[in-house]
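Each chain gets a letter, A, B and so on, in the order its sequence line appears, and its residues count up from 1. Source: prediction; values computed, not measured.
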2 protein chains.
Amino acid sequence: MGTTQLESVQEPKYWHLKTVLSEALDSDFAVGEILPNERELAARFGVARATLRQALEQLELEGRLQRRRGVGTTVAPPRVGVAVSTAQHEWTGGVSGEAWQPVDCTMGQAPAAVAAMLGTAPAEPVHVMRRIRDTHGQAVAAELLYVPASSVPDLAALDAPSGAFRARNVLRELHRLGLEGQDRSVELGSARADDAKELDRLPGAPVLVVTTRYFAAGGTAAVSVATYRADTCRLTFGDSGALEISHDERRERRAS
Amino acid sequence: MGTTQLESVQEPKYWHLKTVLSEALDSDFAVGEILPNERELAARFGVARATLRQALEQLELEGRLQRRRGVGTTVAPPRVGVAVSTAQHEWTGGVSGEAWQPVDCTMGQAPAAVAAMLGTAPAEPVHVMRRIRDTHGQAVAAELLYVPASSVPDLAALDAPSGAFRARNVLRELHRLGLEGQDRSVELGSARADDAKELDRLPGAPVLVVTTRYFAAGGTAAVSVATYRADTCRLTFGDSGALEISHDERRERRAS
DNA sequence: CAGTGGTCTAGACCACAGG
DNA sequence: CTGTGGTCTAGACCACTGG
């Protein structure tokens, strides 16, 4: 039977669907526009809702769509370039109220993996600081910063026991140490419940986990574990924090 | 310990399952060990296979599991740290046969977004080079390197029209230019069919897309789009390419 | 309240790896 | 060939958002 170039090779339906939807997004939809609901779309394409959802999930993973329960599916704006500076910006950021905003700071214990990086015993008390990073009014990252008590020995004992005030004091002490270098890694993860809440996502949402080791005074002074929303963020490194690639083409970079 | 009572809040089953499995992986399984098959596991936990799969997908996303059609589900080794050097290593890597291994090189046309970064017209001919990066005998990344013809004017016209030989010649010419700087971004993506094949994954598999702009001679000499397997890789930056974080840092952090 | 996306079920068949 | 994970279906109910 000379099947007339039927589409049904062995490409999964959801994959083909994703392609079709992707092209439709490029041509027929504007950023922020809401799509028909899932049942409607599934019916329109003649597939089960689960299959349609598989395609939508992929597109959301790629930052093309945004889905919110009770609301609907909207066309996502291009990913935001977020600078993960090679410099000391975020180190002092909490102090100057720049990118990172301290939320809380308590004494606690570092997870085993973090303790290993700090070179401390797992039971050694550390300051555990919570910081949030905003961009354009949107929370894009949640961080846990682990600072061994031994890194900031001069912290006044009469400090507030916790809270944003204490956070600023810890950061100030860290800043006085100076920063000799840092060491960073990026990997894919899924948001824990607490991070998800800060980032306004559901638990399990894909995130980029940036682990940074800060060196000062000949040792590891602190370790930061920052989780960035993978759907909306593009991490940028290096000199110019304004790389411009995404699903949308735009000239930038005038030879000024 | 048996099932206690207050487990049944409104935590999704797959989320709870994931937690249980994760702990089981830590305590009862060795790296490389194969798990019972999905139907068996689903029955054992009293859930539908689809629900069990949702938990497995999360664990695979976090690099804890590896699943292969026709084979089974195995416990994954810790993610391998892959250095995304801040230096010129990979620039010359293809020449010295270091990390990146050139596979092919043809004349072609850059995608619109890449052309924008190159500052060239979308129709301008560019060398499109394919490179693969291996670590411990495993392909961890596939790259497309776009080099405008104008960046390597001295390339002999009598070169091979394509292939790995031509790739090396283009890299040699690039190397002669010298490297003034670079600009990098990392974002989450899903593997295209061709990349997936090189990386021995299924299309749509999660990848970390590293886009690098190389500056030389006062302009953008080349653009690289490298896709790293997100399940097995942890990208490292900075001085020491040997960050030591092991796996998960689950931090339940329950407010009293 | 009605409508949305999120979760879950109990099946079915397919593509692939391996003996 | 058998057994595995991958895809797909047609339902159901739940949790959340908004008016």
- Query: If you pin A/Ala50 and A/Val71 to their nearest nucleotides in DNA chain C, which one's is more 5'?
  - Reply: A/Val71
- Message: At less than 4.0 Å, is any side-chain N or O atom of B/Arg39 found next to OP1 or OP2 of D/dT4? Yes or no.
- Response: no
- Would you say B/Asn37 reaches D/dT4's phosphate, i.e. side-chain N/O to OP1/OP2 under 4.0 Å? yes
- Heavy-atom side-chain proximity of A/Arg229 to A/Gln138 below 4.5 angstrom: yes
- Could you state the atom-to-atom distance from CG of B/Leu52 to P of D/dT4 in whole Å? 13 Å
- Separation of A/Lys18 atom NZ from D/dC8 atom P, in whole Å? 13 Å
- Query: Crowded around B/Arg68 CZ? As in, over 12 foreign heavy atoms under 6.0 Å?
  - Reply: no
- A/Gln58 CD to D/dC8 P, straight-line distance once rounded to whole Å: 11 Å
- Atom CG of A/Leu17 and atom C1' of D/dG6: how far apart are they, to the nearest Å? 16 Å
- Just how far, in rounded Å, is C1' of D/dG6 from CD of A/Glu11? 15 Å
- Here the distance between atom C1' of D/dG5 and atom CD of B/Glu57, to the nearest Å, is 11 Å
- Query: Closer than 4.0 Å, any side-chain N/O of A/Thr51 to the OP1 or OP2 of D/dT9?
  - Reply: yes
- So does A/Glu143 pair up with A/Arg133, basic N to acidic O under 4.0 Å? no
- Note on the structure: Contacts of A/Pro12 and A/Arg69 projected onto DNA chain D by closest heavy atom; the upstream (5') one is A/Pro12
- Query: With sugar-phosphate meaning primed atoms plus P, OP1 and OP2, does B/Arg68 contact a base, only sugar-phosphate, or nothing at under 4.0 Å between heavy atoms?
  - Reply: sugar-phosphate
- Message: Using a heavy-atom cut-off of 4.0 Å across all strands, would you classify B/Leu56 as base, sugar-phosphate, or nothing?
- Response: nothing
- Task: Name the nucleic acid region contacted by A/Arg49, choosing base, sugar-phosphate or nothing; use a 4.0 angstrom heavy-atom cut-off, strictly under.
- Result: base
- Query: So, is B/Tyr14 close to the C/dC8 phosphate, meaning a side-chain N or O under 4.0 Å from OP1 or OP2?
  - Reply: no
- Which of these, B/Glu38, B/Glu60, B/Gln58, sits in a side-chain hydrogen bond (donor to acceptor under 3.5 Å, both in side chains) with B/Arg53? B/Glu38
- Query: For A/Leu41 and C/dG3, what is the distance between atoms CG and C1' respectively, to the nearest whole Å?
  - Reply: 15 Å
- Task: For C/dG6, take OP1 and OP2 only and decide whether either is under 4.0 Å from a side-chain N or O of A/Arg53.
- Result: yes
- Take the protein atom CG of A/Leu202 and the nucleotide atom C1' of D/dC16, then report the distance between them rounded to whole Å. 10 Å
- Message: Between A/Thr73 and C/dG5, is there a contact of a side-chain N or O with OP1 or OP2 at under 4.0 Å?
- Response: yes
- Task: Report the residue from A/Thr135, A/Val80, A/Val140 that forms a side chain to side chain contact (heavy atoms under 4.5 Å, CB included) with A/Cys233.
- Result: A/Val140
